[in-house]
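Notes to accompany the following structure.
Position 1 is the first residue of the sequence, and the numbers go up from there. Every heavy atom of this structure was used, including side-chain atoms; hydrogens, water molecules and symmetry mates were not.
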Amino acid sequence: MKWHKIELSSDISNPFIKKAKAGSKNICLVNFESKLYAVSAKCPHAGADLSEGLCVRKLIVCPYHRHTYNLETGKGGEGQNDFIETYPVEVRDDGVYVGINTLWDKLKSGFK
């Protein structure tokens with residue numbers, strides 16, 4: 001796994017939903033109830049930018065069709081049969097980092 005430092009222009013102690021780059025990947029960084037989450041930035045249903053949505057009860061809500069996704073698991077709401085990618089987040093002394101699996105990591109996990 002490769003860790004990428006996320007550039008943030010705001011205080012991480014306040015709630016927010018922001019689009020950010022982790023390496024070459026667009027992610028949605030969410031501060032909900034003082035915990036940071038990183039999920040894919042694109043809704044799999046309609047391709048909407050999830051950073052333009054909102055957060056309710058640990059769910060990110062798509063701004064287009066109101067599909068919901070769990071911030072911890074990425075699982076879509078009841079009856080959706082879809083999911084979004086989730087990524088680990090670490091707050092370090094020098095900033096916020098998001099972990100992204102490399103192609104090699106994905107290939108290795110397929111052999112277990």
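- Within a 6.0 Å sphere centred on NZ of Lys2, other residues, nucleotides and ligands contribute 12 heavy atoms or fewer.
- At least one donor-acceptor pair closer than 3.5 Å links the side chain of Lys5 to the backbone N or O of Asp94.
- Note that NE2 of His67 and CG of Leu50 are 11.5 Å apart. Values are rounded to the nearest 0.5 Å.
- Side-chain atoms of Asp82 and Gln80 include a donor-acceptor pair closer than 3.5 Å.
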- [ ] Before giving the answer on side-chain contact (heavy atoms from CB on, under 4.5 Å), spell out for Cys62 and Thr68 the whole-Å C-alpha distance, their side-chain angles and the decisive distance to 0.1 Å.
- [x] CA-CA 6 Å; Cys62 174; Thr68 59; over 6 Å; no
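- Ring-plane geometry between His65 and His45 is classed as perpendicular, the angle between the planes exceeding 60 degrees on a 0 to 90 degree scale with a lower cut at 30.
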- [ ] Could you walk me through whether Leu71 and Val30 pass side-chain contact (heavy atoms from CB on, under 4.5 Å), step by step?
- [x] CA-CA 8 Å; Leu71 289 171; Val30 180; 4.0 Å; yes
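- Across every non-hydrogen atom of Tyr37 and Glu72, the tightest pair is CE2-CG, 3.5 Å.
- The main-chain N or O of Val98 is never found under 3.5 Å from a side-chain atom of His4 such that the two would form a donor-acceptor pair.
- Under a 3.5 Å cut-off, the side chain of Asn31 and the backbone N or O of Leu36 do not form any donor-acceptor pair.
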TODO: Apply side-chain contact (heavy atoms from CB on, under 4.5 Å) to the pair Cys28 and Ile60, showing each step before the final yes or no.
DONE: CA-CA 10 Å; Cys28 183; Ile60 191 159; 3.7 Å; yes
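- The side-chain contact (heavy atoms from CB on, under 4.5 Å) with Tyr87 is formed by just one residue from the set Ile100, Asn101, Leu29; it is Ile100.
- The pair Glu90-Arg92 counts as a salt bridge, with a side-chain nitrogen and a carboxylate oxygen less than 4.0 angstrom apart.
- The number of heavy-atom neighbours closer than 6.0 Å to OH of Tyr97, taken from other residues, nucleotides and ligands shown, is above 12.
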Task: Stepwise side-chain contact (heavy atoms from CB on, under 4.5 Å) test for Cys43 and Tyr69 - done: CA-CA 9 Å; Cys43 175; Tyr69 300 92; 3.6 Å; yes
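- Asp49 and Lys19 are joined by a salt bridge, as a carboxylate oxygen and a charged side-chain nitrogen come within less than 4.0 angstrom of each other.
- Summarising the geometry of Tyr64 relative to Ala46, their closest heavy-atom pair is CD2-CB, 3.9 Å, with the distance given to 0.1 Å.
- Interatomic distance, OG1 of Thr73 versus CD1 of Ile84, reported as 8.5 Å (0.5 Å rounding).
- Between Pro88 and Met1, some side-chain heavy-atom pair lies under the 4.5 Å cut-off.
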